[in-house]
Structure formats: C-alpha cells, structure tokens
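Bear in mind the structure is a predicted one, so any value in this text is a computation, not a measurement. The residues of the chain are indexed from 1 along the displayed sequence. We count ligands from 1, going down the list as the structure has it; atoms in each ligand are counted the same way.
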Amino acid sequence: MTVKHPSGTSNLMDNISIWDAYIEDATNGYRQRRYFFYLSGCELPDAYLIYEIATDKLTLFIPPVEPDEVIWSGLPMSPEEAKAKYDVDDCKTTKEVNPHLASESESAQSTVYAIQEQVSDEITFLSYKDKEFSLLKPAIEYSRVTKSDYEIALIRKANVISTDAHVNVMKAAAKAKNECELEAVFLKSCVERNAKNQAYHSIVAAGENGATLHYVHNADSIQNQNLLLLDAGCEVDCYASDITRTFPIKGDFTEESLAIYKIVLDMQKQCIDALKAGVVWDSIHELAHKIAIKGLLDLGILKGDADAIFKARTSVAFFPHGLGHYLGMDTHDTGGKANYADKDSMFRYLRVRGALPARSVITVEPGIYFCRFIIEPYLKDSEQSKFIDEKVLEKYWSVGGVRIEGECAG
Ligand code: GLY
Ligand code: MN
C-alpha cells in the first residue's frame, strides 16, 4: 500500500531535504516518526528519505541485509520490493545515503533542510553550502492539518475498527467485574483485526473515575457503578481514531446520569451541526459551554443568569477541557496553535484555535464532569459559588463524568 507524499511542502525548500526514521521509545515498542511517514508512507525503521526539490525526486534508503540480523528477524525488504510498495521514485540501501548526499551537493551548491533532532549521527552534510534545520518541521506540521482523501480513508478505517471494539465492550460490560476486563475486550477486538497499535492509552473509567480526564489505571471494580466512560481508539497505518462513549454498565441510567448524558449529547450534536470549513473553533467551544450552562441551569446545579455564568466562566468547573483537537497521525495532531498560557480559563486547554480549514479532521468531544478537585475551589470562591447550588450538586458526584467523542472531516 502506498501513501502519496505531499508535493506542497516543497515551497519552503529550494534544494534538498532529508528525513530519517528511528525507534522513538524502546519501552513502548517501535513507533514510526510521523514526519518521516508523512513524506514516505514507509513504516520501516532505520530508513532515510531524501527529497530533491529541484528535480522533484524522492529517494528512500532502507537497511541492507545484515547476516547477523537475518538470523533473528528474517530477510529485510529489498530495495526493489520497497520501490514497488512505497510511492517513491527510487529506493537504495542506507549504505548509499552519504555518497548520494555528497554527489547531489557537488553540482548544486545546495542548501540542505532537515529536522534537528531527527537526523542520525551517521549522516554527513559536510559538502553542503547551507544547512537549514528549523523550517522543515513547522512546514510539515502546517501541511498535516489538511488531509488527503487517502488520509481520511485511513482515519475512517481506524474508526470503523474502534467502533466495533466499543460495541464489543458495551456488550461485555454487564457481565464484567473490573475495568481491566473491558480494556482487554477493546484491545482484543482491535488486534484480531490487525490494528495492533493503539492511538493512545485506553481510558476505561467506571463511576467517579470518569471525572479524571486521562484516567489510565483501568483496574477498579465496576460492580456497583452506573456509568462506564470508554475513551479508546486504534491506529491503522499510523493514522489514529479517537472515540469516547459513556454508557450505563447494566443498561439503565440513573435519573442523574441520564440528565447529564442528555446535556452532553446535545452539546455534541449542536456543535457538529455548526461545523463547516472556515468556522472559528473557539466559537464552537463557546457554543458547547452555552449549551452546558442551559442544561445545568435546567437541572438546578447552576443558578442565576446564563450570560453572567458564561462571563464568570463557571461552566469551566464542569467542562474543563477543550472541545476537541485535530486528528491524524497523532491523536492530538499538529497545527492547532493552542495557547496553554491563555489567562481565560475557558480557552486555556483548547487545542485548536482559530478557523478550521477545509479538509481538516477534528474531534468533537464535549463532557460534563463532577470532579471534586476541580469544582471545590469554585465552591470556595464567592464570585463562583453564587452560581452553583451545592445541595443539588450533591446528588451528581456519583455520576463521575460523561464525555461523548467522535470526529468530523470538513
Ligand atoms: N482521547 C484522548 C484525548 O483526546 O485526549
Ligand atoms: Mn480526543
């Protein structure tokens, strides 16, 4: 299978660019570098890629046969096989990278572009007139925001597998005893369809554990709990899915959990309906807060004037994270321009700011949580507590958290 490499990234680079692949984190197993994969579609480790901008020529360099290694791992892919599999103009072995670079620079007096931390010590750029190590990375990050049909198809495929795995967890939940059993159901469903990598660590959170946004212990009993929050998604060919569902473990909501679920579902549906190319994501996030405020006012958890509550940012106590993020080769994909130093609590964790370009893929993941650590400071602040009815709130702590997440491609 091949991935089209984007020619659009060449605008910033006059002459030649090089990327390499390596093992990023041995303890987590092998994960292909995303910058490398984006331009090559090649999942092999210890490979290199050179793009000669002037001639629009992409050359892949893959490890040669190492007899000692063959004993353990079998024969590696040959350059001929790699050239047929990947969408590259030529394929050689890594022994040829340095001679290739030297010969290219001789005639061209070229500039070489590379990503600072992603070129191995084996590579020499000595013969290059100029070296530019800061432009390439942001150029690729910018390009990655807009997806090709092929990339969207991979994300969809990952989502189809993850959706089925979610359904399998829902079916297994009533008879399960512990969060980890359900994590295993999810992983089995993905792995048996050859989706062996997860896009992120699964969150399998029963009851009040659902109030911890990135809960990953997944080891508590689910007996005597009402809701399970499952946030889990596999990868397909390095492209991520990201799905959250919250459902009653035994099939029946409580009055309180159903009320919160309905508000979050309404937040998600209305926000998805408002999406279109060019829309400002900050305003969709605001819409989600406004719907949350209305719902929490209707339940009596919040009290007072909706506009005043919005201005005071009281709803952040219940919906503390951003509405979503770009999705692609990384779960929290590049190019979002987040401002984690934003003094406005409503926007601090919004991972995407500004207008959404056509062909971007974004998650829509509203939530309402009852997390004591987050809400209690609001109860101690008179400017906030005047909008919260503590007596009504008392009935909702056991709901934990509700989040509903899916992705939209525009
Ligand atoms: N699904 C995990 C996250 O979006 O952070
Ligand atoms: Mn997400």
Side-chain angles (χ1 to χ4, degrees), residues 28 31 34 144-145 147 151-152 154-156 158-166 169-170 179 182-183 186-187 189-190 195 197-206 209-218 227-236 238-247 264-265 267-269 271-272 275 281-282 284-285 288-289 292 316 318-340 347-353 356 360-369 371 374 400-410:
N28 277 336
R31 184 178 193 261
R34 277 18 193 173
R144 280 173 55 182
V145 173
K147 270 72 179 179
E151 292 179 288
I152 291 174
L154 289 178
I155 294 170
R156 279 196 206 289
N159 270 297
V160 167
I161 295 171
S162 297
T163 298
D164 290 346
H166 269 261
V169 171
M170 286 176 193
E179 293 164 346
L182 297 177
E183 180 176 19
F186 189 89
L187 296 176
S189 304
C190 296
N197 293 330
Q198 294 297 303
Y200 53 94
H201 197 300
S202 305
I203 298 165
V204 188
N209 290 340
T212 301
L213 301 181
H214 281 171
Y215 173 82
V216 290
H217 303 299
N218 303 349
L227 293 184
L228 188 93
L229 186 156
L230 174 64
D231 182 346
C234 67
E235 278 180 9
V236 166
C238 294
Y239 279 79
S241 57
D242 186 1
I243 299 175
T244 308
R245 288 294 181 273
T246 312
F247 60 91
V264 177
L265 187 61
M267 290 160 79
Q268 206 213 23
K269 283 185 168 167
C271 289
I272 289 173
L275 285 184
W281 185 240
D282 312 44
I284 308 294
H285 180 66
H289 271 276
V316 176
F318 302 93
F319 175 28
H321 61 78
L323 181 62
H325 49 85
Y326 287 138
L327 184 76
M329 287 185 289
D330 289 312
T331 307
H332 298 155
D333 213 22
T334 57
K337 303 197 193 91
N339 176 12
Y340 299 118
F347 297 99
R348 189 169 307 141
Y349 298 119
L350 194 56
R351 293 182 194 270
V352 174
R353 305 296 294 262
L356 303 182
S360 54
V361 176
I362 194 154
T363 67
V364 183
E365 48 178 306
I368 291 182
Y369 309 87
C371 175
I374 295 176
V402 173
R403 178 165 66 254
I404 306 175
E405 174 178 27
E407 28 269 11
C408 294

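Classification of the Tyr340-Tyr349 ring pair by plane angle, with boundaries at 30° and 60°, yields tilted. Using cut-offs of 30° and 60° on the angle between ring planes, the pair His166 and Phe186 is perpendicular.
Near ligand 1, heavy-atom contacts under 4.0 Å come from Tyr200, His214, Asp231, Asp242, His325, His332, Glu365, Glu405.
At most 12 non-hydrogen atoms from other residues, nucleotides or ligands lie less than 6.0 angstrom from CZ of Arg156.
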Intermediate values then yes/no, side-chain contact (heavy atoms from CB on, under 4.5 Å), Leu323 and Val364: CA-CA 6 Å; Leu323 181 62; Val364 183; 4.2 Å; yes
Working for side-chain contact (heavy atoms from CB on, under 4.5 Å), residues Leu275 and Leu356: CA-CA 9 Å; Leu275 285 184; Leu356 303 182; 3.9 Å; yes
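The closest donor-acceptor contact from the side chain of Asn197 to the backbone of Glu235 lies at 3.5 Å or more, if one exists at all.
Under the 6.0 Å cut-off for aromatic ring centres, His321 and Tyr369 qualify, their centroids lying closer than that.
Near the Mn ion (ligand 2), less than 2.8 Å away, sit the protein N, O or S atoms Asp242 OD2, His325 NE2, Glu365 OE2, Glu405 OE2.
Judged by distance alone, the side chains of Asn159 and Ser241 never bring a donor and an acceptor atom under 3.5 Å apart.
Checking Val160, Asp242, Val361 one by one against Ile155, the side chain to side chain contact (heavy atoms under 4.5 Å, CB included) holds for a single residue, Val361.
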